[in-house]
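Notes to accompany the following structure.
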Amino acid sequence: MPTGNPEPVTGAPSAGPPGPRPPSAHRWARLAALVVLLVVASGCALCLGTPHVPPHRLFGGDEITRVVVTELRVPRLVLALVAGACLGAAGLVLQEALRNPLAVPEMLGVSSGAALGVAAPLVLAVAVPAAVQPLLAIGGAALGGGLTLLAAGLGRSPAAVLLTGAAVAAALQAALLVLMVMADQLDLQLIYRYLLGSLSARTWEDVTGLWPWLLVAVPALVLCAPVLAVLRLGDDDAEALGVRVRRARFAALAVAVVLIAPVTAVCGPVAWVGFLAPHLARRLDPRADAVGWLPWSAAWGAAVVAVADVPARLALAPTETPAGAWTALLGVPAGVALLRRSR
């Protein structure tokens, strides 16, 4: 069956055969580095701080130690891992669906829309139960992503979607700035910390609130991954293979929204995890496709957020800094370096 050439996209991953597979020893070394990074970050998250808890006393110390570890540090670590995994997986979905390594939630209006949905009731003094906040975040994220797709012609061109998304994200951020001008001093501080992405004072209630959304997102993600591998070939080739490109791209954005919005409702928009994690996953095995990269992108996302939360707690102790500031500070240069090396 004759097929057309894939539409060229600036910075898009190549639709042809990737480079040579790295030696098995290199892949195992990178996998070992990921495991060590997760273990070290988890150990630091549980042991360091005030009070300092030695590893052998993590779950066998006095009453105060048990409360600090089990009720404060463990839920915060679990939330960091879950949030990072969701953001890493969502970043890979967006990059593969749009065939562009720069497609991240922050540039498609998804994160900004979710943040706007959560911040607006706070400034407008509307009492919202905690259980409803994920719904507001999903509504805002769907609004941002939907505006992006509609303005870009329902995903007619990946390049158009990305450029339009940047414009929609800027408009939503402007709306957030208007809300911040209207807020009083206390609300302004809360919104400011929230918009930078923070894991401070999170409890088991915040963690358990994510599970219903994950039960929806994970099966959808598994079903979406094989289609992403076909979309990577280009619109014309994907349609020749029977994929309805616009619907598939819209469905991919919907899956990304369900992954991003509940996390944003709890933690705020933790920046650039969705950019860095997929690039690290591709470094593990450049010849894989979206199905092979997906678990590694989620794992790297979890590692990035867990590592960033350690200096967020300790760097300026006793004052905590937002974890999102550290993911942006460390993640963007590392992601740019990986992008340059892959080219």
Side-chain angles (χ1 to χ4, degrees), residues 75-91 93-94 104-106 108-147 168-169 172-173 175-176 179-180 183 187-218 220-221 253-274 298 301-302 305 308-309 312 322-325 327-328:
R76 179 167 179 159
L77 173 62
V78 172
L79 183 60
L81 296 174
V82 172
C86 290
L87 294 173
V93 168
L94 293 173
V104 291
E106 291 79 12
L108 294 174
V110 176
S111 291
S112 300
L116 182 63
V118 176
L122 178 63
V123 175
L124 300 177
V126 178
V128 176
V132 180
Q133 286 188 353
L135 293 175
L136 295 176
I138 285 180
L143 173 64
L147 286 175
V168 170
L172 294 174
Q173 288 169 1
L176 281 169
L179 288 177
M180 293 175 71
D187 288 343
L188 183 62
Q189 292 180 2
L190 293 175
I191 293 173
Y192 179 73
R193 292 183 65 86
Y194 170 78
L195 292 179
L196 287 177
S198 176
L199 298 172
S200 178
R202 299 302 186 262
T203 64
W204 283 116
E205 183 178 356
D206 298 303
V207 176
T208 54
L210 292 177
W211 294 119
W213 304 104
L214 293 179
L215 292 177
V216 175
V218 172
L221 190 61
L253 182 62
V255 171
V257 164
V258 178
L259 285 169
I260 295 166
V263 170
T264 303
V266 175
C267 307
V270 184
W272 299 107
V273 177
V305 177
D309 193 45
T327 58

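Side chains are part of it too, since the values below use all heavy atoms of this structure and drop only hydrogens, waters and symmetry mates. Count residues from 1 along the sequence.
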How many angstroms lie between atom [atom1] of [X] and atom [atom2] of [Y], to the nearest 0.5 angstrom?
X      : Y      : atom1 : atom2 : result
Gln173 : Glu106 : CD    : CD    : 9.0 Å
Trp204 : Leu79  : CH2   : CG    : 10.0 Å
Leu147 : Leu108 : CG    : CG    : 12.5 Å

Please give me the minimum heavy-atom distance between [X] and [Y], naming the atom from each residue.
X      : Y      : value
Pro121 : Leu136 : CG-CD1, 3.7 Å
Val123 : Leu179 : CG1-O, 3.5 Å
Val118 : Ala265 : CG2-CA, 3.9 Å
Val273 : Gly88  : CG1-N, 4.3 Å
Ser111 : Thr264 : O-CG2, 4.3 Å
Leu199 : Ala80  : CD1-CB, 3.5 Å

Main-chain N/O of Tyr194 paired with Ser198 side-chain donor or acceptor, under 3.5 Å:
no
Donor-acceptor contact present, side-chain Arg202 to main-chain Val266, <3.5 Å
yes
Answer yes or no: is there a side-chain heavy-atom contact under 4.5 Å between [X] and [Y]?
X      : Y      : answer
Val263 : Val270 : no
Leu122 : Ile191 : yes
Leu259 : Leu87  : no
Val104 : Leu94  : no

For [X], all residues meeting side-chain contact (heavy atoms from CB on, under 4.5 Å), sequence neighbours excluded:
X      : result
Ala141 : Val110, Ala114, Val257, Ala261
Pro212 : none
Leu172 : Ser112, Leu116, Val168
Val82  : Val78, Cys86, Leu210, Trp211, Leu214

Taking only residues two or more places apart in sequence or in another chain, which ones pass side chain to side chain donor-acceptor pair (under 3.5 Å) with Thr203?
none
Positive for side chain to side chain contact (heavy atoms under 4.5 Å, CB included) with Arg76, one of Asp309, Asp206, Val207
Asp309
Determine, stepwise, if the pair Trp213 / Val218 fulfils side-chain contact (heavy atoms from CB on, under 4.5 Å).
CA-CA 9 Å; Trp213 304 104; Val218 172; over 6 Å; no
What pairs of residues pass the ring-ring contact (aromatic ring centres under 6.0 Å, His included) test when at least one of them lies in residues 253-273, not counting sequence neighbours?
Trp272-Phe275
